[in-house]
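By convention in this document, chain letters (A, B, ...) are assigned in the order of the sequence lines, proteins followed by strands, and residues within each chain are numbered from 1. Keep in mind that what you see is a predicted model, and the values were worked out from it rather than measured.
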Number of protein chains: 2
Amino acid sequence: MRLTTKGRFAVTAMIDVAMHGTNGPVTLAAVSERQRISLSYLEQLFGKLRRSGLVASVRGPGGGYHLARAAAQLSVAQIIVAVDEPIDATQCGGLENCRDDRRCMTHDLWAGLNSHIFSFLSGVTLAQLVAQQEQAAIHAALHEVRHVPAGTTPCKVPVTVAV
Amino acid sequence: MRLTTKGRFAVTAMIDVAMHGTNGPVTLAAVSERQRISLSYLEQLFGKLRRSGLVASVRGPGGGYHLARAAAQLSVAQIIVAVDEPIDATQCGGLENCRDDRRCMTHDLWAGLNSHIFSFLSGVTLAQLVAQQEQAAIHAALHEVRHVPAGTTPCKVPVTVAV
DNA sequence: GTTTAGTTGACTAAATTGTTCGGGTATACG
DNA sequence: CGTATACCCGAACAATTTAGTCAACTAAAC
């Protein structure tokens with residue numbers, strides 16, 4: 001379970017597909033323009049997402065991608081695992097040759113912490129993130145123009161997710 | 001909040017310091033040998049950990065590093081933040097120039113998910129991980145030699161952490 | 001004053017990230 | 001048909017990060 005910008009881009013794109021896929025498939029070109037992610041990068045990511053069975057593709061004109069399951073059945077963990085192939089942080093990559101000390105503790109340790117983070121992100125579904133996003137959009141519409149004072153970093157504002 | 005092998009190495013090393021620091025400071029050379037992490041890499045990591053106030057150093061013979069606080073007061077989140085300098089996954093790095101769409105949804109989205117992962121990892125303390133590790137050591141000692149059948153991947157065994 | 005061990009900086013090979021290019025193939029539509 | 005659309009695929013690429021090495025320096029114990 002790694003957590004990099006790659007996985008974040010994938011989740012962002014999946015939310016975009018979930019939000020705009022109410023009538024017909026969503027083209028990657030549209031996602032690319034809306035989310036400002038390069039088209040080819042999206043193609044790479046969605047290739048993995050498709051092979052993992054998270055999305056399905058429709059070819060030809062009018063085609064695009066749509067979720068393979070309901071947004072409530074798709075978790076953040078699944079998306080991240082699909083695109084961010086796991087790399088083990090242990091020295092003895094998968095082998096039991098961790099001698100020297102009784103045995104290297106890295107295994108059990110990260111397996112445990114990993115499973116915790118994993119189960120946490122498994123509990124966050126795409127539907128929840130979409131709902132949060134739509135609520136934020138409504139909130140922004142009510143306030144019309146959001147006045148942001150200069151010199152601040154508006155990206156750091158913590159927003160709570162209902163889980 | 002990124003989650004890479006770098007942060008994992010740091011947490012592993014911190015657990016080692018916590019477990020072996022009962023009487024006097026722990027040298028990085030000892031950590032390096034036990035955990036099979038390169039000494040110079042550990043020096044880089046502990047430089048950051050020290051500047052973040054998570055560990056304190058003692059120079060000279062008999063010196064080394066020790067925790068700056070009790071293990072129960074040190075969270076995994078603090079360690080990861082200390083070594084894994086944050087990079088924003090947003091296109092408009094901190095600025096509010098996310099035009100085009102109403103506004104790019106990446107901000108609120110990841111700020112929210114971020115804060116969730118962060119608060120989760122803030123709840124996992126070093127003391128808990130040490131306790132888990134010691135319990136695992138006892139368990140291993142009871143079974144004397146752990147028979148691992150060839151062809152399996154013993155690293156993947158999920159171990160639950162009591163949080 | 002020698003040894004231990006932290007402190008710092010530069011430098012490196014390898015991997016990852018995100019992008020660009022250049023070609024394919026399936027299909028809707030006229 | 002043919003053509004435009006949009007998925008597919010792979011190679012190549014600069015920029016960054018990762019993990020490690022090397023070398024020189026400083027503080028303290030003995």
Side-chain angles (χ1 to χ4, degrees), chain A residues 2-13 17 20-21 24-33 35-52 54-66 68 80 83-93 106, chain B residues 2-13 17 20-21 24-33 35-52 54-66 68 80 83-93 106:
Chain A
R2 247 185 330 174
L3 204 55
T4 67
T5 54
K6 196 174 186 177
R8 307 198 171 200
F9 279 139
V11 175
T12 303
V17 170
H20 294 89
V26 181
T27 69
L28 291 190
V31 177
S32 170
E33 193 175 346
Q35 304 302 332
R36 294 266 161 246
I37 307 172
S38 112
L39 179 58
S40 293
Y41 199 33
L42 281 176
E43 286 176 348
Q44 292 175 32
L45 296 179
F46 274 78
K48 294 184 175 186
L49 292 172
R50 183 176 54 83
R51 282 185 287 273
S52 295
L54 302 184
V55 296
S57 61
V58 178
R59 300 178 76 147
Y65 285 93
H66 60 87
I80 289 177
V83 299
D84 238 352
E85 60 268 19
I87 272 199
D88 56 331
T90 62
Q91 295 304 90
C92 47
T106 325
Chain B
R2 242 184 334 172
L3 205 55
T4 67
T5 55
K6 196 174 185 177
R8 308 199 170 200
F9 280 140
V11 175
T12 301
V17 171
H20 294 88
V26 181
T27 67
L28 291 190
V31 177
S32 171
E33 192 175 347
Q35 305 303 330
R36 295 262 163 248
I37 307 173
S38 113
L39 177 59
S40 294
Y41 198 33
L42 281 175
E43 286 173 349
Q44 292 176 29
L45 296 179
F46 274 78
K48 293 185 175 184
L49 292 171
R50 184 177 53 85
R51 282 187 286 274
S52 295
L54 301 185
V55 296
S57 61
V58 179
R59 302 176 74 147
Y65 285 94
H66 59 87
I80 290 177
V83 300
D84 237 354
E85 60 268 17
I87 271 202
D88 56 331
T90 61
Q91 295 304 90
C92 48
T106 325

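Put simply, CZ on B:Phe46 and OG on B:Ser57 are 11.0 Å apart, with the number rounded to the nearest 0.5 Å. Note that the CD atom of B:Glu33 and the CG atom of B:Leu39 stand 11.0 Å from one another [nearest 0.5 Å].
Atom CG in A:Leu45 sits about 15 Å away from atom P in C:dT16, given to the nearest Å. Between B:Ile37 atom CD1 and D:dT21 atom P there is a gap of 12 Å when expressed in whole angstrom units. Taking atom NZ of residue B:Lys6 and atom P of nucleotide D:dT16, one finds them 15 Å apart after rounding to whole Å. One atom, NZ of B:Lys48, and another, P of C:dT7, lie 15 Å apart when rounded to the nearest Å. Put simply, CD on A:Gln35 is 13 Å from P on C:dT19, counting in whole angstrom units. Here the C1' atom of nucleotide D:dT17 and the CG atom of A:Asp84 are 14 Å apart, to the nearest Å.
Taking the C1' atoms of five terminal pairs at each end of the helix from C:dG1-D:dC30 to C:dG30-D:dC1, the two resulting helix axes are inclined by 10°, rounded to 10°.
The backbone N or O of A:Leu28 sits nowhere less than 3.5 Å from a side-chain atom of A:Ser32 that would complete a donor-acceptor pair. Of the possible donor and acceptor atoms, one in the side chain of A:Thr4 sits under 3.5 Å from a partner among the backbone N and O of A:Lys6.
In this structure, A:Gly63 and A:Thr27 approach most closely via the heavy-atom pair O-CG2, 3.5 Å.
Between B:Asp84 and B:Arg2 there is a salt bridge, since a side-chain N of the basic residue sits under 4.0 Å from a carboxylate O of the acidic one.
OP1 or OP2 of D:dA19 has at least one side-chain nitrogen or oxygen of B:Tyr41 nearer than 4.0 Å. At D:dT18, one or more side-chain N or O atoms of B:Arg2 fall inside 4.0 Å of OP1 or OP2 (strictly under the cut-off).
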Subject >> Summary of protein contacts for nucleotides 5-15 of chain D, nucleotide by nucleotide, where a base hit scores B, a sugar-phosphate-only hit scores S (4.0 Å, heavy atoms) >> reply: BSBBB------
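The side chain of B:Thr5 lies closest to D:dA19, out of D:dA19, C:dT17, C:dT19.
Every residue meeting the salt bridge (Lys or Arg N to Asp or Glu O under 4.0 Å) condition with B:Lys48, not counting sequence neighbours, appears here in chain and number order: B:Glu85.
Using the six-membered ring where Trp is involved, B:Tyr41 and B:Phe9 have ring planes that are perpendicular, over 60° apart on the 30 and 60° scheme.
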Original post:
Please walk me through it: do B:Arg8 and B:Ile80 pass side chain to side chain contact (heavy atoms under 4.5 Å, CB included)?
Top reply: CA-CA 8 Å; B:Arg8 308 199 170 200; B:Ile80 290 177; over 6 Å; no
